[in-house]
Amino acid sequence: MKEQNQENQSAEKRVNPFFQPYGTLHDVVPFDRIRMEDYEEAFMEGIRRDNEQIEKIINNPEKPTFDNTIINTEEDEGYYSLLSRVSTVFFNLLSAETNDEMDALAQKIQPILTQHANDIRLNPRLFERIRAVRFRHRHLNSEEKMLLDNCYEGFARSGALLDEAGKERLRSLTEEASMLSLQFSQNLLKEQKAFSLNITDEAQLDGLPDTAREAAALTAKEQGKQGWVFTLDYPSYSPFMTYSTQRELRRQLYMARNTVCTHDNSENNLDICKRLVNVRREIAQLLGYKTYADYVLKRRMASHKRGVYRLLDDLIDAYKPTAIKEQQQLKSLFNDMRPWDTAFYTHKLQMNKYKLDAEMLRPYFELSRVIEGVFGLANRLYGITFKENKDIPVYHPDVKAYEVFDRDGSFLAVFYADFYPRKGKQGGAWMTEYQGQYIKKGEHGEPDENVRPHVSVVMNLTKPTEDKPALLTLSEVETFLHEFGHSLHGMFANTRFESLSGTNVLWDFVELPSQFMENYAVEKEFLKTFAFHYQTGEPLPNVFIKRIIRSRNFMAATACLRQVSLGLLDMAYYTQKNEFTDDIISFEKRAWKKAILGEQLPETCMTVQFSHIMAGGYAAGYYSYKWAEVLDADAFSVFKREGIFNQETAQRFRDCILSKGGTEHPMTLYRRFRGGEPTIDALLKRNGIKRETKKV
């Protein structure tokens, strides 16, 4: 009984970790102290504190000013607030380490959070103060003006100018959209993780490399099954489709991956996608735009639909002739080509042309060495260093935490890296933050503090097995470099306001720093710094490097058209002016037809698993990847000319782009780095594409 009383007293004394300063090194999230019940309590208290702060702002008897209105609103919505802190942790983990309890809480809390956001953005008294500051402000610097404009536009684009009936309708639509997006993601994760291909006959492993067999054996063991298990996670799916000689099994795996969320069950996303398209169209039209794309592109570099379609059409014109030739080469190997044969015969063609195979390179891309190489690249370019700190709490044993230090030895950021697939983790790869960078004003005469960011990259790379460490493909190395580029954008942030720092830039600019870093994956000087055989220590042979460089543009035109097709699909949905009533699957096939060269199966569907445009913020924005590719090729051409490790060039890239966030228009920043605007020429040159002269 005495022990029970002590436990009860201990429980009574415990304070929700979100309610007080974390008291950790660099104020990192104390993942080890957070309990499931802490989230809901912190959400509700955060909403209460937000409401209290808003009341103080709107009831302030003083004339509205930038300081007492705009900055206070920024602080209420930024990392400074309790609600932002708990939301950041919860929703990051909902993607990276979820469970049934978190999924249930997300369903419960999402409409409450959307209603709360609407209560702020549709508060007429708050908006009147913001509008008063906007039309009367004087003596603001460029960053302050940007914050003011963003604040005003954010409220206006969230319905602040609507009448009461319009506001009520908008509330309903935004709440519905947030729940639909959440349900889409949860359905996709459940459906993808539910499938497995269990092989018990070793003969059916024919063609598979040892790494794939060993990984499948480990997965089977983890699931308590006999034999070998293959899943829809990319490190499992891709090698099977590339190497397996078992055509029927390839077909089964392909159909499983490409029909997820289309089946007659609770995870079907077809109606969810259709409704999302219509809800977003209604929101845009309620706010005075013809289509959702018009609404989105108003705040993008592309500016309007014409700019997007001009880019996509230019790419089709430039790349399609070469892509057709690439497909003809494939069919010369196997005329009866079906979609589940493509990866298998693409690999054979690559071997025939370049004698290069992803498995040949794996032994030289051991993960710890790749980490050293990527960190070493950042050091060589920018002088920054990474130091693993095992005392920093993490949310899963797979996660590594690092302190990052600048060239002068000062603390720059915390960097988390989460490498491997697992049950509660979404597929794909992404970068996020647990704390954004901002300048915290000193109180009582104390100096200002530059609060440094806590950045995380989450990936699904090849796992280690019982006999081998994690050995990556070159494609996985590129993925690491891509997400690391995003993380540099976050880590180098050096702005006053959090909402303008790091990756808080126009959406079609955000991929420039990430895609820029991918260029290094095929640079000999970079590969020589880390690519050593994990057993012998021998460096990656020069002959392999030559093959990598020669094969860089292998199937590049086909890959480009694949990205363009997704951009076309995205725009087709979000340029709808009237209610969308078409069948999703058949509409999809018509929407991207001019960029698709291969067979389209009647039952497969990309839309229902296209998280980017349904739940990931890229709606009417998927073209951004190709838009940014034009920028990254153009930017890297400067490094190629001045030296790929040139520190002066890298410092200019950091100062002009990486550290500036969204404080200025992206093209202004880019011109400052480049000395002019980008063209498509560098991209065409990098991909070895020559425009075909059209006959008149």
Side-chain angles (χ1 to χ4, degrees), residues 188 190-209 211-213 215-217 219-220 223 225-265 267-270 326-352 357-359 421 427 460 462 473 475 555 558-559 561-562 565-566 584-586 588-589 592-593 596-610:
L188 181 58
K190 289 176 183 176
E191 184 96 333
Q192 286 181 330
K193 298 299 182 181
F195 175 86
S196 64
L197 174 64
N198 190 189
I199 294 176
T200 55
D201 180 0
E202 189 169 3
Q204 292 186 320
L205 301 178
D206 184 55
L208 294 176
T211 52
R213 296 178 183 222
T219 301
Q223 294 185 7
K225 297 178 180 178
Q226 297 296 314
W228 301 264
V229 168
F230 296 88
T231 71
L232 300 184
D233 291 326
Y234 186 79
S236 178
Y237 175 84
S238 181
F240 195 94
M241 298 304 295
T242 302
Y243 297 102
S244 173
T245 62
Q246 306 298 295
R247 196 181 188 203
E248 171 56 24
L249 294 182
R250 292 203 311 265
R251 186 195 68 81
Q252 290 180 30
L253 203 60
Y254 177 89
M255 294 305 295
R257 185 178 175 95
N258 289 279
T259 61
V260 295
C261 297
T262 64
H263 306 114
D264 187 15
N265 58 26
E267 281 76 52
N268 188 297
N269 273 342
L270 287 166
E326 291 173 348
Q327 294 302 306
Q328 290 170 342
Q329 288 180 324
L330 271 183
K331 290 180 180 178
S332 70
L333 295 180
F334 187 60
N335 196 45
D336 185 27
M337 187 78 64
R338 304 303 302 277
W340 46 85
D341 299 317
T342 302
F344 184 75
Y345 285 99
T346 297
H347 165 247
K348 285 187 174 298
L349 180 61
Q350 186 179 31
M351 284 295 291
N352 289 347
D357 172 79
E359 293 302 312
N460 284 272
T462 299
T473 65
S475 176
M555 303 300 282
T558 297
L561 286 194
R562 172 61 175 166
S565 73
L566 296 174
I584 287 283
I585 296 178
S586 58
E588 171 180 292
K589 289 167 173 50
W592 62 16
K593 185 176 181 180
I596 295 289
L597 298 180
E599 178 185 8
Q600 297 198 63
L601 301 178
E603 61 268 56
T604 60
C605 186
M606 175 64 185
T607 301
V608 292
Q609 54 183 298
F610 200 175

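No hydrogens, no waters, no symmetry mates; every other heavy atom, side chains included, goes into these values.
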**Asked** What pair of heavy atoms forms the shortest contact from Trp592 to Ser565, and how long is it?
**Response** CB-O, 3.4 Å
**Item:** Those residues that, when tested against Lys193, pass salt bridge (charged side-chain N to carboxylate O under 4.0 Å, His left out) (two or more places apart)
**Value:** Asp233
**Item:** Pairing residues for Thr242 by the side chain to side chain contact (heavy atoms under 4.5 Å, CB included) criterion, not counting sequence neighbours
**Value:** Ser238, Ala343, His347
**Message:** If you compare all heavy atoms of Phe230 against all heavy atoms of Ala216, which two are closest, and at what distance to 0.1 Å?
**Reply:** CZ-CB, 3.5 Å
**Asked** What pairs with Gln192 under side chain to side chain contact (heavy atoms under 4.5 Å, CB included), at least two apart in sequence or on another chain?
**Response** Leu188, Val260, Gln609
**Request:** Could you give me the CA-CA distance, side-chain angles and deciding distance for Ile585 and Leu270, then say whether side-chain contact (heavy atoms from CB on, under 4.5 Å) is met?
**Result:** CA-CA 8 Å; Ile585 296 178; Leu270 287 166; 4.1 Å; yes
**Message:** What I want to check is whether the side chains of Lys225 and Ser196 have a donor and an acceptor closer together than 3.5 Å.
**Reply:** yes
**Worked verdict on Leu197 versus Val229 for side-chain contact (heavy atoms from CB on, under 4.5 Å)** = CA-CA 5 Å; Leu197 174 64; Val229 168; over 6 Å; no
**Message:** Quick check: do Leu249 and Gln204 have side-chain heavy atoms less than 4.5 Å from each other?
**Reply:** yes
**Asked** Can you name the residues that form a side chain to side chain contact (heavy atoms under 4.5 Å, CB included) with Lys190, not counting sequence neighbours?
**Response** Asp103, Glu267
**Asked** For the side chain of Glu191 and the backbone of Cys261, is there at least one donor-acceptor N/O pair under 3.5 Å apart?
**Response** yes
**Asked** Donor-acceptor pair, Lys589 side chain versus Leu601 backbone, under 3.5 Å?
**Response** yes
**Request:** Report yes if the side chains of Met555 and Thr346 come closer than 4.5 Å at any heavy-atom pair, otherwise no.
**Result:** yes
**Prompt:** Would a 4.5 Å heavy-atom cut-off, applied to side chains only, mark Thr219 and Thr231 as touching?
**Reply:** yes
**Atom pair CE/CG of Met606 and Leu566 - distance to nearest 0.5 Å** = 5.0 Å
**Asked** Once you round to the nearest 0.5 Å, how far does NZ of Lys593 lie from CD of Gln600?
**Response** 8.5 Å
**Request:** Please report the closest heavy-atom contact between Gly207 and Thr245, naming both atoms and the distance.
**Result:** CA-CG2, 4.1 Å
**Message:** Can a side-chain donor-acceptor contact be found between Gln252 and Trp340 if the only test is distance below 3.5 angstrom?
**Reply:** no
**Prompt:** Under 3.5 Å, is there a donor-acceptor pair between the Gln327 and Thr558 side chains?
**Reply:** yes
**Item:** Straight-line distance of Glu359 CD to Leu208 CG, nearest 0.5 Å
**Value:** 9.5 Å
**Request:** For the residue pair Asn198 and Trp228, establish whether any side-chain heavy-atom pair is separated by less than 4.5 Å.
**Result:** no
**Message:** How long is the straight-line distance from CG of Leu349 back to CE of Met351, given to the nearest 0.5 Å?
**Reply:** 11.5 Å
**Item:** Non-hydrogen side-chain atoms of Asn269 and Phe610 separated by less than 4.5 Å
**Value:** no
Show the atom names and distances, to 0.1 Å, of all donor-acceptor pairs under 3.5 Å that link a side chain in residues 328-338 to residues at least two apart or in another chain.
residue: Ser332; atom: OG; partner: Gln329; partner atom: O; Å: 2.4
residue: Arg338; atom: NE; partner: Glu599; partner atom: OE1; Å: 2.7
residue: Arg338; atom: NE; partner: Glu599; partner atom: OE2; Å: 3.4
residue: Arg338; atom: NH2; partner: Glu599; partner atom: OE2; Å: 2.9

**Shortest non-hydrogen contact between Pro239 and Ala212, atoms and distance** = CB-CB, 4.0 Å
**Prompt:** Among all residues two or more places apart in sequence or in another chain, which pass the side chain to side chain contact (heavy atoms under 4.5 Å, CB included) test with Tyr237?
**Reply:** Leu232, Met241, Leu253, Tyr254, Arg257, Asn258
**Asked** From Thr604 OG1 over to Glu588 CD, what is the distance, rounded to the nearest 0.5 angstrom?
**Response** 7.0 Å
**Asked** To the nearest 0.5 Å, what is the distance between CG (Leu205) and OG (Ser244)?
**Response** 8.0 Å
**Message:** Ring of Phe240, cation from Arg250 - is the NZ or CZ under 6.0 Å from the centre and inside 45° of the axis?
**Reply:** no
**Request:** Could you check Tyr243 against Asp206 for side chain to side chain donor-acceptor pair (under 3.5 Å), going step by step and ending with a plain yes or no?
**Result:** CA-CA 8 Å; Tyr243 297 102; Asp206 184 55; over 6 Å; no
**Heavy-atom side-chain contact between Thr262 and Thr259 under 4.5 Å** = yes
